[in-house]
Structure formats: structure tokens, C-alpha cells
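Have a look at the structure below, then the notes.
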Amino acid sequence: MPDQSTSAKLAPGAGTDPVDAISVRDVTRDYRRPRTSLRHPSPPVHALRGVSFAVPQGQRFGIVGESGCGKSTLLRILAGLDRPTSGSVAIDGRDITGLRERQLRFVRERLQLVFQDPMSSLDPRMRVGDIVGEPLVAQGHPNRRERVAELLEAVGLPTDVADRYPHQFSGGQRQRISIARALAPRPKIIVADEPVSALDVSVRAQVLNLIADLVDELSLTLVFVSHDLSVVRHVCDRVAVMHDGQIVETGPTEQVYEEPQHPYTRRLIAAVPTLGKALSGVSAADLNREYRP
Amino acid sequence: MTPVPDTAPASAQDSPDDVLAVRNLEVAVGGRKLVEDVDFTIRAGERVGLIGESGSGKSLTALSIMGLLPEDLRTTGSVRLAGVDHDLVGADETRMSRVRGKEIAMVFQEPMTALNPTMRVGRQIAEVLLIHRTRPDRASARAAAVELLAQVGLPDPEAAAHAYPHQFSGGQRQRVVLAIALANDPALLVCDEPTTALDVTVQARVLDLIVRGVEDRRSAMLFITHDLAVVATVCERVMVMYGGRVVESGPVREVFTRPRHRYTQGLIGASDLSVVDDRGRLITIGGSVPPAGHFPAGCVFRNRCDSASESCATRPDWRPTGPDSGYACFHPVPENGAHRTGVPMNQEAGRA
Amino acid sequence: MIVRLMQRIAILLASLVVSSVMVFAFMAVLPGDPARVALGTSASDTAVAQLREEFGLDRPLVVQYFNWVQGLLTFDPGNSYISQAPIGPQIADRLLVTLWLVVTGMVLACILAIPMGTLMAVRHRRPSGLILSALSQVGVAVPAFLAGILLITVFAVGLGWLPANGWTPPAEDPVLFLKQLVLPALSLGMVQAAMLTRYVRSAVLDVLREDYLRTARAKGLRPTQALLRHGLRNAAVPVVTVLGLHLATLLVGAVVIERVFVIPGLGSLLLDSVSNRDLIMVQDVVMIIAMAVLLVNFLVDVAYLVIDPRLRVGGAS
Amino acid sequence: MSALDTETAVKSAVPAGRRRRRPMTGGLLVGGLIVSVVLGMALLSFVWTPHAPTLVNPSARLETPSLEYWFGTDKFGRDVFSQILMGSRTTLFVGFVAVGVAALVGVPLGIVAGMGSRWLGELLMRGNDLLLAFPALLLAIMFAAVYGASTLVAMVAIGIASIPNFARLIRGGTLQVMKTEYVIAARAAGRGPFAIGLRHVLPNVSSLVIVQASVGFAIAVLAEAALSFLGFGTPPPTPSWGRMLQESQEMLSSAPRLAVFPGIAIAVAVLGFNLLGDGLRDRFDPKLEDRR
């Protein structure tokens, strides 16, 4: 298996950086399935199988993979919303794996999430101001109103939207609200789960620009999960390709795209249709054929 | 629902090659127009893309051609299909049912729910052959179903025919839906975002199967998607829809390299993530897509368009630039200025 | 499939055990001594003590519970405190009467409700559908005993076509049996049909919105054909659930209907036992009804396995 | 575009600000009207009835409807209209308490079962299903056998028997809410389960609670009528629609109208609550629609 070669590269830290923002060491996560046979228990589903990587402070780290590759599970574990079956995860050098909910408070302050679905990520019964301010309430922040106004402005929304309800906004605007909420507790790490997949093409670029600007201005560390390779290529410095619960390849974005090493990565990149490829005569049959350099 | 008499000049249509002729198609709900003035022709074996964002009316167009719109939506205009002696708009269910599945077939977006969960896959395919009596009996229909499953590349088609939909993945289910659609060698295959719900590698496979399927049968295809790259890969000709209207159409290469409508130009710019300005920012279109039925009067794009002027408050006429191409814009992208926004194809192609 | 079936059986058994404990415990905590209650306040202490011993009421509760369960399992639940007559045969006779009522009512309800509900769903936007829908709303609002009273007023008192009450076993006089069955079964069935119609309507409406029904039409099936071939089996799942749940309502409805039509069924037995303070009988009848409901729920679960292939192959999808 | 997207397209054709408010349907209007009338009758009975409802008047037995006795009198000479007015009070009272008991227990139960671990949820729901084996009438008869018949016993029994309806529905709603990303966001923001239950789950299932309360009211009215009819509900002399029906039964051949008035009262009240419930269900967010 080619992941042996990559896992060596993946070994986190090596002590050179001060502290990695995120460090994941040999994480596995198994799920039990309901029994279907009387004699044997069902084999567990291995959602993650020995995943290791590290994200230094300030990096834009992309995770690419198709549905069922384990990226959602990984993300939940990073955010302290799920526990690995084995292995460890450290945020800013602090191990979060055996911690109780109360002890996870520093994660809740330092790491925030942005979600895919602009419809389901905002509570329809809450006003925008309360949504954006929710992390502040949870952390007992004073001066909530000013902070909310500041945040709305930062994501390019007029401050008077605080009194409105989510259904009054378009998908792109909702995603801005979602980003404002994530920034509320002044996190140092943003984990974005397919943040532009549900958006119209004409709006997608706006949101991508906004994310890039904020990451720059606030010197955030970004973990960007997507199935869309071109989006990750635009956003990220470094990328990890996930397949079947494992990271099959990782490296600087351009390098992975220009010279993919793992056969899966090659197939993935070959399968992505682009305007340029199409106009130079690449057909559907070509996309389906495995990439051969 | 009364079919509007065909007003377009007869010379512009009805050439023997035409498989589908859509004229003045309009879809409305409660007096609000969701699709307006859609006019196009598809010739035998031709693959035409219909591209648009949410609320553009692209799916409504497809469903109105199939006659499958919800009851509260009203369709007017004319949709003629070669070999069918009546207009599809306003045709009753009995007449439409003879056309659907035989002359026109459709592949839907959501493969997970498109198949009956309580019926074996083989029977669902055989059914479409038996309804239209293209196979004489159950046994031969069943054999044909297995053959179709083999054609869409399902391993062990015999076993697949005997399985239920939930035993398949999304991509496999979409192949079953495709098998159903292709079963009677339709003259026209309508695909409504057939790969949007699928993973990239699976998408490549399904797209390949769709193209091969229609090529083998010399079927024409209307392919609806929001993905410019997919349409460019699969289709020969493309129509760009926005706000319920076709704003530009033409051969794929022409439209994507030398767009004339400002919306097309913006869309190509915004979807190309390899082009950034000197500050590293992507090209964007301002504002957001209005909800269906709430686009501005006049030019539907004028509230987001940098070039908009007062004249845009009236509706721009269609300006033909060729037999199948044209645009509707008062301030088109100048023909020689297109290189700034068109796709830098050499660069991009080289990379892939 | 087998695992699912075993799970269901285990749940059924557990439910039976828990519910029997509940019924027993409830009856055991009641204020006062059942023997005293049965004999009346004027009875002598020795008579009470004798009765207590006879029925094992002096033994520990756990022993009493197991004796009771054993009685139920061996179909020999002992004798009534009051009449001293054996309980088993009484319950069996009465149960048969009630089953006639309930099953006839249910069959009537299904015959009426399934086509009506489907029609209502298909025509839900047209006047005919709306009228049917309004009618069913009214039907739901009429309690079964009121329907019974109305039927008696019209067909027995007014027109004199059918007897107002009474019960004759079918073996004795089949014609009279049927005549006497019509009105009570109709009052149960009609009300049930009204409720069921609404569930069938909503289940069919849900199915009509499903993508696969659109696929079926895209294949060239007319809307009615598509519904019949692809819709009904899928709509059956929620309807079967409701059928199961409503059997409990129907059993209880029968209690009231038996009172209206003076029918010697399980309901009458229960009501009589309550007024006679024959608590052991009450306990047994309640348990029989609860068992019947649990058993039906179990059968509903099994019916799912037959209807829905997704449940048969565990874990997949 | 799936059917759902088409629907969204159609829905989004409605102006954005009004998207949530749909026009009043006929059912909702009629239901609301009937419920208000029943409520009005009950309130009225506190201050005014044409006659003392329990007054036995041997000189005015079985009077036909007249200006004096709008609905006539029963075999004891009591005024039927006054009894119907008073009966609405009993009916509403029983409904309120029964639905209150059911909601107070069922809603938290449903939320806990939906938010807790799968194991806990399954266990609670199994216990819940067990309650289904004891319908309201059976419970009430059991209670009455032990404690004697009373309004309280009827209310509590109906309430307990209605718990499963609430719990099941609310659990379904809760499971849906818990799957949404805004709940995950709240967890990531450091919100505890209690805050999530209170701030996110409860508001989002509240429409379900209201709908079920309305439907539960109808069930309670029916059950109370049946119990009183059997003599296990409100004991005499407090007027009750169900008992009025029972008393009318022996007079069916001579005075069928005695059955007609309470019968209509019951049916109309139940119809009102059902229409209200269904109307509200259609009006509220269709995403959390009742999944029976």
C-alpha cells in the first residue's frame, strides 16, 4: 500500500515548529453496525484507518475526498464532537482525545466550524444576531451586541440584518452569517466543511474571496474540506487526499496536482472535468479513463 | 392549457432533421413567469446543454417538455417532437404516456429516490419495455433488461436485475435509471443534472455511459446542469439560462471562449478558479441570484451587471449571430475584447 | 431477516412480561383487601381469611404474580372471587364474541377506507376529493357509540329493519346472528374507516410526491397506473402501522359498542366485573386486551419485513 | 432538479418576506371558529345559563324545544341547553388537564429520547410503545375499578394514554433537529445539551407540540364522552355530554332529540379540534411535518 511511503512524510511536527495548530496521530474510528447474522456480529465499519497529519499555524490545509472517504468523521473528531477509537488529536499542542466536554472549552474557543448547507446550518427560529452571538453566550462574552455588529460588518453584511431571520437571506448571505458565527469567539483555527458546495457558481467566488481575506487578515489556520479539487487548489497551500478512511497522499497543493503519486489521486484528478480540458477536446470517455502521464 | 399557435416563421424550423422544436415556451405559477420565451431546436443525434444557476428555470424547462410539471404550474407555447403528430404542450396524459419512455426519456438528478424501493431493478427496467410493447412478453423483456444492465456496465447484470435499489450505490442506481431511459432507444434523452449528486470519479463514469448511450442510439440529448465544465465536456451546443430566459446560445467552444452576454462572461469568470487578479482574488459577479420569479423586468441580469444602463430596463431582443447562436444583451462583450475573460484554454489544458 | 425477526420476538416477550408486571402491580397496590372487597364489609373476618387462603392472597406478592402468570399461560386462570365460577371459559366465550365484532369492523373499515383514501389523495385538489375529505373529517369526529345510537335510531327504531340489540352465536341461528352483527359492526367500522381514510390519504399523498413515481410516469405510465403499480405497496407501510395501532382503539371501541348494543363480549365482561368489584377478572381481561394489542404490534413489525425489502437485508444502504 | 427543488422553485416565487406565512386554509378557519365557540360556551356557562342545569323540574319533563327550553328538557325536566353549556366546561377541563399531562411528560420524554444515546432512545421508545397497549379507556376503567369513577381519574387516564403520541412525534422531530448543522454548530460553540434542548430543539419542535395538542384535545373529548357514557367519567350531577347521551339511550324511541343535541356537541367539538390541528400542521414548516 502506498500510504506507507506517505505516512513517513506525515509524521507530525518533528519538533521543528513551535507548535502545530492541529496534529493528528494515527487516528482510527470504527463504527459498529447492527447485527445481521445470528452467529457472528457484523464486522465494524472502519471510517478512519490510521490517519496522521499536522497543520502548522497559519497554513491553509485542504482535505479532498469523495463521499464516504471518512472526511466528515475526521472533521468531527478534529472539532471534539466525536472521539477516535484509537490515536490522538492535539489542538495547539494540547491533546484533546480523552477530554470531557467541560475540558474541551479551549477547543471551542480556538477552533470553529463552517458548514456546507446554508439552509440547515442556521436555526430557522433564531434571529441572525442571536445566531452569530451564540458562541459568545456559550463563553460568557461581554458586549455581545457590539461584537455581533463588528462580525456582520467583517463578512460584508449590513449590521441591521441582526434582527432578521435566516429564511430572509439567500444562500450566499447565509454562508456569510455562518462565517460570522464561526469568527465570533476569535478562533485561531477555522474548519470549513464544503463551505461553497451548495452555492451558485456566481456566488461561490464571492464566498471564497471572503474566506481568503479573513484568513489573511486574522492570520487564521484553515482546514478546508471539499470534494471539489479546483476549489481546494485555489484555496489551499497543502492538501491531503483521502480515500477509504486513509490519507493516500499529501503534499504542497501544486505538487499533488501536477505530479500525483498515488493511483487514486491520479484517477481523481483525471476525472475532474474543466472548461479548459473540455475545450481542448477531452471527452467524457477520457475523464473516465484512468490517468496515464 | 391551450397550445399557442406557432408564430415563428416556418422556414426557421421543421427541417427533416429536427427532433425537438420548442417555441415560445412559458411556465408560470399564479401569474408569475418562471420560464419565458424559450425557443430552440435540437437535431437528430445532437447533444445540447442547458446551463443555469438556481432559479434559472432550466429544470422547469425540462419538466415542461416531458409534461411532468406539478399541476399548479401552467405551460404555454409549443413543443413538437419528430414522429409525434401532436403538440406536447397541452397533450393529455394518455397521449403523453405514449410518448414518454419511448420517444423522450429522462434521467433525473437524485438517483437515491428515483427508483421504486420495493420493486426489483430488473422488473423496473422490463416494465418500460412492456408498457410500450417493444418486447412481446415478460421473458424477453427480462432478458433485455439484463442486457441493458450489462450495457450500463453493472458487474453481474443477472444478479443486479434481481436486486433491490437499496442494494446499490448512488452511481449504480443512476446507471439503472439510465438503463430505463435508454431502454426504448428514445429519439431524445433529457438529462436533468444527472451527475450533480455523484462523486467526481463516479460522475466521469456516468457521463461516459450517457454519451456512449446516446451515440450508440443516435439519440439527441438535452443535458441540463449548472456545471460549465460538464456541459463543455458532454455537449456540442449550449444554451445559457438566467432568470427564466435563454440569454445566450451557440456552439460550446464559441460561447465559452467568446461569450457575448455579460452574464455568460461573468459566469465563466466566476467559475474559473485558476484566474485571479493581482491581489489574488477571484473574479466575481456582484449580488446574489434572486429567487425564481423575482428577477428584474427588462434585462433579467441588469441588477447584477456592471455594464447595465437605462436602456436595459427594456427587454433586449434576441440578436442572432449564426444559425444556432445568438444573445440578448444591449451591451455585449465586444468580439475582440473577449480574450480578457474567455478561458485561457492552452494554459488550463496543459495543466490537465 | 432472521435476526430482525428474533429481535421482534424478544421485544414482544419483554413487552408481555413488563406489561403483566405493570397490570399486576397496579392491581396489587389498590387500597383495601380484594377479599374484603369481594365479600362486602359485612363479612366476618374468618370468611375473609378463608377466601384469602383459597385464592392465595395471603402469599407473598411474587408468588401471587407467578401463580397468576402460570394461570394465564395454562389457560386456567382460576375462579372468580365473586361468582366462584371458573374465569377461563367465560373469557374465552366473550373473547370470541368481541373478535367477531372487531374483525368484521376492521374488514369493513379497510374495504371502505383504502379505495376512498386513495381517491381522496388522487383528487385532493378537485371538489370531489375535498368533499370526501370533509366527510371523513366529520366521520372522525363522531364517536362509535354515537354512531351506534344513530344507527339504532334509524334502522332499528325508525325503520325496524334490524334488531336494536342482542347477540346470538352463529351456530345457533346464523341469520339472526348476521342481523344482529350488522349494526354494531357498522358503527365500529364506519368510524374506523373515517380515521383510516385520512391515513390512507396522507400516505398516498406522500407517495405521489416521491421521485420514483415521477420516474414511473417518465417511463410512460399514466398517473393512475403509476400509482397502482409503484405507489400502493410503498404507501402500505404507514397504513399498516396505523392499522396495528388502531386495533387497540377498535378493541376499546368494542367495549363501548357492546354496551350500546347489549352484546355479551369481553367489554361487557370487563364493565360488569368492575361494577361487581371482581378484581381478578378485571385484571385478567385487561391483560388479555393488552396482550392482543402487543401481539398485533408484533405482527405489524413482521408485516414490514414482508412489505419493505430494505428491512429484509439488514445493515445495507 | 428533484421534485423538492421544483417545489422550492415554486415556493421561492412567493415574496421572501411572506414565505413562512401561508394563507389561512378553510379548515384552519372553521376549526378555529368552532374551538372559539366551544370555549365561549364554557366561559358563558360561568356567568349565565338559561336554567340551573341540574335543577330537576318534574312539571317540565320531556318538553320539546321551545323559547323557554331551547333544546327541550330531559326526563327529569332539566334544561338540555343549559346542560350542554355546562358540559362544554367539563369537556374543556378534561381536555386541558389530559393534554397538559400528556405534553408535560411526553414532550420532555421525546426530547430526551431524541437527544440521548441511541440506546436510551430505543429503551424509552420501547417503554412508550408499551403504553400503547393500554388505551385511554382501558386505563380509565382500570383506574376506576381501583379508585372509583371520577373526573380526575378520567383526566389522568386519558393524559397518560396520550403520552406516547406526544413522545413519539417529538422524538421524531428532535432526531431531525439534532441532525441539522446548526445543532452541530451550537455544540462546537460550546453549548451544553441542556441549552441545545432549550434553545434549538424546543423552539423547532414547538409547532409539532401545538399541532399534537390540538389533535390530542379531540382525542380527549372523545375519550371523556365514551367514559362518561359508560359511567366511568364525570359522576352525576355535573353535566357531561357523554352521560347525557347515555341517559338518552333508553328514550331513543320516544325522544331521540335527547341523543341528538349532545351527539352534535361532541362531534362538532371534536371536528373543531381536528380541523384546527390539521390546519396548523399545514401552516407550519412542512419540513418537520408529522411523520406517522
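In what follows, chains carry the letters A, B, and so on, assigned in the order in which the sequence lines appear, proteins first and then strands, with residues in each chain numbered from 1.
More than 12 heavy atoms of other shown residues, nucleotides or ligands fall within 6.0 angstrom of atom CG in Asp277(B). In Glu153(A), the CD atom is not crowded: 12 or fewer heavy atoms of neighbouring residues, nucleotides or ligands sit closer than 6.0 Å. Crowding of Arg164(A) atom CZ: a count of heavy atoms from other residues, nucleotides or ligands under 6.0 Å exceeding 12.
Proximity to chain A (any heavy atom under 4.5 Å) is restricted, for Val276(B), to the side chain, taken from C-beta onward. For chain A, the nearby part of Val211(B) is the side chain; its heavy atoms alone come within less than 4.5 Å. There is no contact between Val235(A) and chain B, counting heavy-atom distances below 4.5 Å.
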N/O donor to acceptor pairs below 3.5 angstrom from side-chain atoms of residues 279-289 of chain B, sequence neighbours left out:
from	atom 1	to	atom 2	distance (Å)
Arg281(B)	NH1	Asp213(A)	OD1	3.0
Arg281(B)	NH1	Asp213(A)	OD2	2.3
Ser288(B)	OG	Ser170(A)	OG	3.4

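Side-chain contact between Arg233(A) and Leu273(B): absent, with no pair of heavy atoms (C-beta onward) separated by less than 4.5 Å. For the pair Asp208(B)/Leu287(A), no side-chain contact is recorded, criterion being any heavy-atom separation below 4.5 Å from C-beta on. Two residues are said to be in side-chain contact when any heavy atoms from C-beta on lie closer than 4.5 Å; Leu207(B) and Asn288(A) fail this criterion. Counting only heavy atoms from C-beta outward, the side chains of Leu279(A) and Thr257(B) approach each other to under 4.5 Å.
Going from atom NE2 of His243(A) over to atom OG1 of Thr201(B) covers 8.0 Å, rounded to the nearest 0.5 Å. Considering CD1 of Ile268(B) and OG of Ser202(A), their distance stands at 13.0 Å, rounded to 0.5 Å.
Counting heavy-atom pairs closer than 4.5 Å to chain B, the top-ranked of the candidates Ala212(A), Ala271(A), Gly172(A) is Ala271(A).
Using non-hydrogen atoms only and a strict 4.5 Å limit, the part of residues 241-252 of chain B facing chain A consists of Val252(B).
Distance alone, capped at 3.5 Å, places no donor-acceptor pair between the Asp199(B) side chain and the Glu66(A) backbone.
Residues Val201(A) and Ala270(B) come closest through the heavy atom pair O-CB, 3.9 Å.
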